[in-house]
Peer 1: 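Once you've had a glance at the structure underneath, I'll fire off some questions.
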Amino acid sequence: MFETLSAFIADYGYLNLFVLSFLASTVLPFGSEALVVALVFQGFSPFSVVMVATTGNFLGSCTTYYLGLKGRHVLEKYLSPSPEKLEKSERLFNKYGVYTLLFTWVPGIGDVITMVAGLMQLSFRSFSVLVFIGKFGRYFAIAYSVVFFSNGL
């Protein structure tokens with residue numbers, strides 16, 4: 001079974017990573033970090049892994065931003081984020097401003113932060129730059145930690 005899984009990852013690694021990273025940055029409860037680790041450990045290019053994961057995760061965040069942009073009623077009807085998470089994210093935005101978007105990679109509140117950015121009609125340019133930097137930083141840290149620690153073993 002492990003050989004089959006390894007072959008599947010090797011054959012469709014980047015595609016799987018893109019899809020999983022995209023889904024992980026929506027309100028769906030997925031995570032892409034384990035696949036990043038597996039691909040780098042199997043010898044995939046760390047830079048390519050980081051860029052594919054970042055792009056997928058960023059585009060998923062753009063989807064959530066767009067849903068927020070269309071209004072709270074759409075979010076409440078289809079995604080039903082908890083009022084507590086929305087209020088917490090709005091407080092963070094009011095306190096720290098747009099730089100809150102650098103933390104959209106944080107599990108639990110990251111997706112809500114992107115929703116709130118849309119709800120607050122934040123410019124897409126600011127959203128794009130800050131979210132991409134934050135997501136890139138996370139995947140860079142994960143991938144290159146694997147490289148660092150696997151070389152030391």
Side-chain angles (χ1 to χ4, degrees), residues 1-69 75 78-82 84-86 88-89 91-93 95-119 122-153:
M1 175 150 167
F2 183 72
E3 291 175 13
T4 304
L5 180 61
S6 293
F8 183 71
I9 289 173
D11 292 344
Y12 300 103
Y14 290 122
L15 177 62
N16 290 335
L17 180 61
F18 180 84
V19 171
L20 190 58
S21 297
F22 180 92
L23 294 174
S25 66
T26 63
V27 294
L28 299 174
F30 291 109
S32 55
E33 294 80 4
L35 186 54
V36 168
V37 170
L39 291 176
V40 172
F41 197 73
Q42 283 194 345
F44 281 70
S45 162
F47 179 76
S48 297
V49 168
V50 168
M51 292 311 296
V52 169
T54 299
T55 302
N57 212 250
F58 169 73
L59 292 174
S61 291
C62 290
T63 304
T64 306
Y65 168 86
Y66 181 75
L67 291 172
L69 196 61
L75 291 172
Y78 296 107
L79 302 175
S80 53
S82 72
E84 296 83 23
K85 283 186 180 180
L86 283 173
K88 183 177 182 178
S89 296
R91 280 195 313 272
L92 285 171
F93 259 100
K95 185 173 182 178
Y96 299 108
V98 296
Y99 297 104
T100 306
L101 291 169
L102 290 170
F103 300 97
T104 57
W105 59 269
V106 175
I109 64 165
D111 300 332
V112 179
I113 291 172
T114 60
M115 280 185 215
V116 171
L119 287 168
L122 186 69
S123 87
F124 186 69
R125 177 178 286 160
S126 297
F127 172 86
S128 297
V129 169
L130 293 169
V131 169
F132 192 87
I133 289 170
K135 305 241 183 222
F136 177 84
R138 174 186 63 185
Y139 286 117
F140 182 87
I142 292 168
Y144 284 95
S145 293
V146 173
V147 170
F148 178 77
F149 289 113
S150 65
N151 287 336
L153 298 177

Peer 1: Considering only heavy atoms from C-beta outward, does the side chain of Phe127 approach that of Thr114 to under 4.5 Å?
Peer 2: yes
Peer 1: Can you list the steps and then say if Tyr65 with Ser128 is a side-chain hydrogen bond (donor to acceptor under 3.5 Å, both in side chains)?
Peer 2: CA-CA 10 Å; Tyr65 168 86; Ser128 297; over 6 Å; no
Peer 1: Do Lys135 and Ser61 pair up side chain to side chain, a donor and an acceptor below 3.5 Å, judged on atom types alone?
Peer 2: yes
Peer 1: Quick check: closest heavy atoms across Thr26 and Thr64, and the distance to 0.1 Å?
Peer 2: CA-OG1, 3.6 Å
Peer 1: Return the minimal non-hydrogen interatomic distance between Ala141 and Ser145, and the atom names on each side.
Peer 2: O-OG, 2.5 Å
Peer 1: Going by the rule side-chain contact (heavy atoms from CB on, under 4.5 Å), which residues pair with Leu130 if we only count those two or more places apart in sequence or in a different chain?
Peer 2: Val98, Tyr99, Leu101, Leu102
Peer 1: Test Phe47 against Tyr144 for side-chain contact (heavy atoms from CB on, under 4.5 Å), laying out the working first.
Peer 2: CA-CA 9 Å; Phe47 179 76; Tyr144 284 95; 3.9 Å; yes
Peer 1: For Phe132, give me all partners under ring-ring contact (aromatic ring centres under 6.0 Å, His included), at least two apart in sequence or on another chain.
Peer 2: Phe58
Peer 1: Which distance, rounded to the nearest 0.5 Å, do you find between the CG of Asn57 and the OG1 of Thr104?
Peer 2: 7.5 Å
Peer 1: Check whether Tyr14 reaches the backbone of Ser48 with its side chain - one donor and one acceptor, N or O, closer than 3.5 Å.
Peer 2: no
Peer 1: Could you tell me which non-hydrogen atom of Gly60 sits nearest to which non-hydrogen atom of Ser25, and how far apart they are?
Peer 2: CA-OG, 3.0 Å
Peer 1: Using only atom types and a distance under 3.5 Å, with no angle test, would you say the side chain of Asn16 pairs donor to acceptor with the backbone of Tyr12?
Peer 2: yes
Peer 1: How close do Val50 and Ala143 get, counting heavy atoms only, and between which atoms?
Peer 2: CG2-CB, 3.5 Å
Peer 1: For Ser21 and Phe18, indicate whether the former's side chain and the latter's backbone hold a donor-acceptor pair under 3.5 Å.
Peer 2: no
Peer 1: Show your reasoning for whether side-chain contact (heavy atoms from CB on, under 4.5 Å) applies to Tyr139 and Met51.
Peer 2: CA-CA 8 Å; Tyr139 286 117; Met51 292 311 296; over 6 Å; no
Peer 1: How long is the gap from OH on Tyr96 to CD1 on Ile113, to the nearest 0.5 Å?
Peer 2: 11.5 Å
Peer 1: Between Thr54 and Phe140, does a side-chain contact (heavy atoms from CB on, under 4.5 Å) hold up when you go through it step by step?
Peer 2: CA-CA 9 Å; Thr54 299; Phe140 182 87; over 6 Å; no
